[in-house]
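Only one structure is covered here, and it is reproduced in the block below.
The structure presented is a predicted model; accordingly, all values stated were derived computationally and were not measured.
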Amino acid sequence: MIFDHIGIFVHSIPLGRKFLEKTLAIKKKSKIIKDDNLRVKIQFLYDNRNICYELISGLGKNNPVDNTLNKNVNIINHIAYRTSKFEKVIKSMNAQGNLQISQPKNAKAFRNKKVVFFLTKLGFIIELIEE
């Protein structure tokens, strides 16, 4: 697995971006991507060391973001990794006792490659991105 990004839930992408630009010396950013399939809007920001931060806000009702933001928990939501062995890593994550919290879904931000999320035994979330 190769590190890809840190996912951060925000109420507003423009406000989140403004904060990170002031705080983390952001040097480049993507366009805002609306993904109806995942019910989110996202934007990728890169700092001067090329660490990628994914800002994620909810899109429409019953999205995966609003409830978390309302509870003010898991705002730094996940750490994401790319893998060319997507199905094998899913099996491995499950076999290690991690809880698969989503089914694999195509993600617009990753050229419609599949993504899946796991709650790890240590209590943080890992996103796997199909390469």
Side-chain angles (χ1 to χ4, degrees):
M1 296 190 314
I2 299 168
F3 174 78
D4 191 76
H5 67 266
I6 299 167
I8 304 169
F9 281 2
V10 294
H11 289 285
S12 160
I13 287 180
L15 291 177
R17 180 181 60 239
K18 186 176 180 179
F19 174 81
L20 289 181
E21 285 174 337
K22 288 181 181 179
T23 307
L24 298 177
I26 298 299
K27 68 176 184 176
K28 70 178 183 176
K29 60 190 174 203
S30 73
K31 294 180 181 179
I32 294 175
I33 301 164
K34 293 181 181 178
D35 191 327
D36 294 322
N37 186 40
L38 298 177
R39 300 181 325 274
V40 295
K41 293 183 286 185
I42 66 169
Q43 184 172 36
F44 295 103
L45 307 175
Y46 299 84
D47 70 11
N48 59 4
R49 293 187 175 203
N50 219 29
I51 295 172
C52 181
Y53 303 87
E54 177 190 31
L55 298 180
I56 309 139
S57 68
L59 181 62
K61 294 182 179 182
N62 299 318
N63 67 68
V65 176
D66 290 345
N67 191 40
T68 298
L69 287 173
N70 290 336
K71 291 179 182 177
N72 202 30
V73 296
N74 299 324
I75 304 305
I76 295 180
N77 183 260
H78 63 270
I79 301 171
Y81 296 89
R82 292 182 182 268
T83 179
S84 59
K85 299 175 181 176
F86 190 73
E87 296 298 329
K88 183 177 180 180
V89 175
I90 288 173
K91 288 178 185 175
S92 175
M93 292 289 285
N94 282 316
Q96 293 170 34
N98 299 296
L99 177 63
Q100 186 174 331
I101 58 176
S102 74
Q103 292 302 312
K105 291 184 180 178
N106 295 338
K108 190 174 180 180
F110 302 108
R111 299 177 321 275
N112 286 319
K113 298 287 188 172
K114 291 181 182 171
V115 298
V116 64
F117 293 86
F118 289 88
L119 178 60
T120 68
K121 292 169 72 172
L122 294 179
F124 68 94
I125 296 172
I126 288 180
E127 175 186 19
L128 298 179
I129 304 164
E130 176 184 45
E131 275 197 328

Got a donor-acceptor contact below 3.5 angstrom from the [X] side chain to the [Y] backbone?
X	Y	value
R39	N62	yes
Q96	N98	no
N37	N106	yes
T23	F19	yes
N94	K91	no
E130	K114	yes

Distance-minimising heavy-atom pair for [X] and [Y]:
X	Y	result
D66	G60	OD2-O, 4.3 Å
S57	H11	CB-O, 4.1 Å
S102	V116	O-CG2, 3.2 Å
V10	G16	CG1-CA, 4.2 Å
F86	T83	CA-CG2, 3.7 Å

Side chains of [X] and [Y] in contact at under 4.5 Å (non-hydrogen atoms):
X	Y	value
I42	I32	no
I126	M93	yes
I101	F118	no
V115	F110	yes
T120	I125	no
C52	I6	no
D35	K41	no

Treat each ILVMFWY residue as a node, draw an edge where side-chain heavy atoms are under 4.5 Å apart, and state whether [X] and [Y] are in one component.
X	Y	value
I75	L59	no
I13	L15	no
I2	I90	no

State the [atom1]-[atom2] distance between [X] and [Y], to the nearest 0.5 angstrom.
X	Y	atom1	atom2	answer
K18	I26	NZ	CD1	15.0 Å
R17	L45	CZ	CG	7.5 Å
I33	L38	CD1	CG	11.0 Å
M1	S92	CE	OG	8.0 Å
L24	R49	CG	CZ	11.5 Å

For this session: Test Y81 against D4 for side-chain contact (heavy atoms from CB on, under 4.5 Å), laying out the working first.
Result: CA-CA 5 Å; Y81 296 89; D4 191 76; 5.9 Å; no
Exercise. Is the cationic atom of K27 (NZ for Lys, CZ for Arg) positioned less than 6.0 Å from the six-membered ring centroid of Y46 and within 45 degrees of its normal?
Worked result: no
Seminar exercise, completed: Test side chain to side chain contact (heavy atoms under 4.5 Å, CB included), reference F117, set K105, Q100, E127, output is E127
Seminar exercise, completed: Result for side chain to side chain contact (heavy atoms under 4.5 Å, CB included) between I8 and one of I56, N77, L55 points to L55
Problem set entry | E21 with K29: basic N within carboxylate O range, under 4.0 Å | yes
Exercise. What do you reckon, are the aromatic ring centroids of F44 and H5 less than 6.0 Å apart?
Worked result: yes
Problem set entry | Audit row: K113, R82, side-chain contact (heavy atoms from CB on, under 4.5 Å) steps and yes/no | CA-CA 10 Å; K113 298 287 188 172; R82 292 182 182 268; over 6 Å; no
Exercise. Do N67 and N70 have side-chain N/O donor and acceptor atoms under 3.5 Å apart?
Worked result: no
